[in-house]
Number of protein chains: 2
Amino acid sequence: MHDDLSPLCSRFLTAADLLGRRWTGVILRILMDGPCRFGELTERIGTISERVLSERLKDLEAEGILERHVDPGPPIRSEYRLTEKGQAFWKVIDELGKWAERWVDVKAPAQKGVGAKSTRAAPRKRKSA
Amino acid sequence: MHDDLSPLCSRFLTAADLLGRRWTGVILRILMDGPCRFGELTERIGTISERVLSERLKDLEAEGILERHVDPGPPIRSEYRLTEKGQAFWKVIDELGKWAERWVDVKAPAQKGVGAKSTRAAPRKRKSA
DNA sequence: GCAAGCTGCTTCCAAAAAGTAAGTAACTGC
DNA sequence: GCAGTTACTTACTTTTTGGAAGCAGCTTGC
């Protein structure tokens with residue numbers, strides 16, 4: 001058993017913080033399929049706001065996980081693609097996908113409080129009402 | 001190239017949403033080491049607020065990822081432990097850990113805007129000032 | 001037998017992040 | 001020169017998180 005209460009590895013904390021920001025996992029998953037443009041990402045994700053997508057892309061670019069390429073058209077287009085560091089993330093995404101396939105029930109979304117506020121049995125009392 | 005713009009698998013979306021809530025990955029990582037009590041989790045994570053920890057534990061319990069066991073002491077204690085579904089998550093956490101070890105630079109935290117507001121090269125202009 | 005401490009949460013309030021919608025900039029086509 | 005497209009940004013609202021204090025049920029000290 002764990003006996004020392006070691007303070008988690010700071011690298012792991014950084015990575016968990018990254019994936020702990022909303023939409024990061026989904027964005028990465030899509031980019032695993034290949035480069036993608038802003039509008040295409042918006043469309044594929046469906047429910048993300050452009051404001052937040054823009055923010056995430058900047059975050060991920062700043063962290064060296066993806067790169068932004070501008071093709072000065074004339075029909076100007078920008079494209080986001082994973083760097084080596086970003087590509088290396090595929091194993092995480094892949095395992096997450098496998099876990100989801102095995103364990104996530106499609107019937108019960110369970111997303112952010114929808115449909116299941118509290119499945120808790122007892123109302124957190126110790127002894128009596 | 002991807003040509004269909006398939007709408008991501010909803011199971012994956014659910015899983016990504018789960019991990020996309022702040023602290024979820026860290027909580028799971030700690031519980032991988034074995035059962036843990038509320039106060040112990042607070043201590044090990046260090047910077048999470050008790051309010052949010054409580055919320056996350058309820059979420060994860062509602063989703064069947066962990067279970068709460070109350071040992072009615074007398075020195076009463078509650079313990080959180082992973083279910084089979086939760087244990088199965090170890091591969092994801094493991095890959096995330098491996099990625100972090102290989103790719104995360106300890107010197108540059110890059111967490112939520114700290115130290116790197118924008119490493120962006122050009123100020124997002126198309127033609128001229 | 002009662003104040004003081006511990007664990008495990010919950011409540012209240014302020015700050016930060018995400019959602020919504022409209023706006024902007026550089027084009028294209030008409 | 002006006003509508004449409006792409007890629008964002010800005011302003012404003014709602015939700016989520018953080019921080020700290022409160023509270024319930026015990027135990028210990030005196």
Side-chain angles (χ1 to χ4, degrees), chain A residues 5 16-27 35-61 66 68-80 111-114 117-118 120-129, chain B residues 16-27 35-61 66 68-81 111-114 117-118 120-129:
Chain A
L5 288 184
D17 182 63
L18 181 78
L19 210 53
R21 287 179 220 155
R22 202 164 291 173
W23 303 116
T24 305
V26 179
I27 293 169
C36 212
R37 292 184 295 113
F38 188 87
E40 210 177 339
L41 279 165
T42 307
E43 220 183 314
R44 291 244 283 164
I45 302 176
T47 49
I48 194 175
S49 66
E50 297 183 344
R51 201 193 64 74
V52 174
L53 176 58
S54 173
E55 203 172 288
R56 282 298 163 279
L57 291 172
K58 275 182 206 162
D59 289 351
L60 293 170
E61 190 189 357
L66 57 80
R68 177 171 175 262
H69 289 276
V70 181
D71 172 19
I76 198 160
R77 276 140 190 285
S78 67
E79 211 179 51
Y80 295 89
Q111 282 149 306
K112 50 183 80 170
V114 178
K117 219 159 212 140
S118 174
R120 156 157 275 106
R124 294 201 173 285
K125 291 283 176 68
R126 259 53 167 298
K127 207 175 179 183
S128 60
Chain B
D17 182 63
L18 182 77
L19 210 52
R21 289 178 217 156
R22 201 164 293 172
W23 303 117
T24 305
V26 179
I27 292 169
C36 211
R37 292 183 295 115
F38 189 87
E40 210 177 338
L41 279 165
T42 307
E43 221 182 312
R44 291 245 283 165
I45 302 175
T47 49
I48 193 175
S49 68
E50 297 184 344
R51 203 195 63 74
V52 174
L53 176 56
S54 173
E55 203 172 288
R56 283 298 165 278
L57 291 172
K58 274 182 206 162
D59 289 351
L60 293 170
E61 190 190 358
L66 56 80
R68 178 171 174 263
H69 289 275
V70 181
D71 171 18
I76 197 160
R77 276 140 191 285
S78 67
E79 212 179 51
Y80 295 88
R81 56 183 62 185
Q111 281 150 308
K112 49 184 80 171
V114 178
K117 225 166 199 117
S118 175
R120 157 157 274 106
R124 292 197 173 289
K125 290 283 178 63
R126 258 53 166 299
K127 206 175 180 182
S128 59

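Note on naming: letters A, B, ... go to the chains in the order of the sequence lines (proteins, then strands), and numbering restarts at 1 for each one. Note: hydrogens, waters and symmetry copies are ignored here, and every other heavy atom, side chains too, is used.
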Nearest whole angstrom, please: distance from the P of C/dT7 to the OH of B/Tyr80.
-> 15 Å
In whole angstroms, how far is the P atom of D/dT15 from the CZ atom of A/Arg22?
-> 12 Å
Separation of B/Ile48 atom CD1 from C/dG8 atom C1', in whole Å?
-> 14 Å
Taking for each residue the nucleotide of DNA chain D with the nearest heavy atom, is it B/Val52 or A/Phe38 whose nucleotide lies nearer the 5' end?
-> A/Phe38
Phosphate OP1/OP2 of D/dT17 contacted by B/Trp23 side-chain N/O (<4.0 Å) = no
Could you check how far CD of A/Glu40 sits from C1' of D/dA7, rounded to whole Å?
-> 13 Å
Polar side-chain contact A/Arg51-C/dA18 base: donor and acceptor under 3.5 Å = yes
How would you list, by chain and number, every residue that makes a side chain to side chain contact (heavy atoms under 4.5 Å, CB included) with A/Glu50, sequence neighbours excluded?
-> A/Phe38, A/Thr42
When you get a sec, tell me which of D/dT6, C/dA18, C/dA22 is the closest nucleotide to the side chain of A/Arg56?
-> C/dA18
Does B/Lys58 put a side-chain nitrogen or oxygen below 4.0 Å from OP1 or OP2 of C/dT10?
-> yes
To the nearest angstrom, how far is A/Glu55 atom CD from C/dA16 atom P?
-> 14 Å
Minimum-distance nucleotide (side-chain atoms of A/Arg37 versus C/dT7, D/dA7, D/dT17) | D/dA7
Does A/Arg68 have a side-chain nitrogen or oxygen under 4.0 Å from the phosphate oxygens OP1 or OP2 of D/dC8?
-> yes
When you check the phosphate oxygens OP1 and OP2 of C/dC9, does a side-chain N or O of B/Ser78 lie under 4.0 Å from one of them?
-> yes
Testing C/dA22, C/dT10, D/dT17 for proximity to the side chain of A/Glu50, the answer is C/dA22
Below 4.0 Å: OP1/OP2 of D/dT16 and any side-chain N or O of B/Arg21 = no
For the pair made of NE2 in A/His69 and C1' in D/dA7, what is the distance, rounded to whole Å?
-> 17 Å
May I have the distance from A/Leu57 (atom CG) to D/dC8 (atom C1'), rounded to whole angstrom?
-> 10 Å
When you measure from the side chain of B/Arg22 to the backbone N and O of B/Ile48, does any donor-acceptor pair fall under 3.5 Å?
-> no
Measure the distance from CD on B/Glu61 to P on C/dG8 and round it to the nearest whole Å.
-> 15 Å
Which is true for A/Ser49 with a 4.0 Å heavy-atom rule: it touches a base, it touches only sugar-phosphate, or it touches nothing?
-> base
NZ/NE/NH1/NH2 to OD/OE distance under 4.0 Å, B/Glu79 and B/Arg77 = no
Going by heavy atoms in the side chains, are B/Asp59 and B/Thr24 under 4.5 Å from each other?
-> no
Looking at residues at least two apart in the chain, or sitting in another chain, which of them share a side-chain hydrogen bond (donor to acceptor under 3.5 Å, both in side chains) with A/Arg37?
-> none
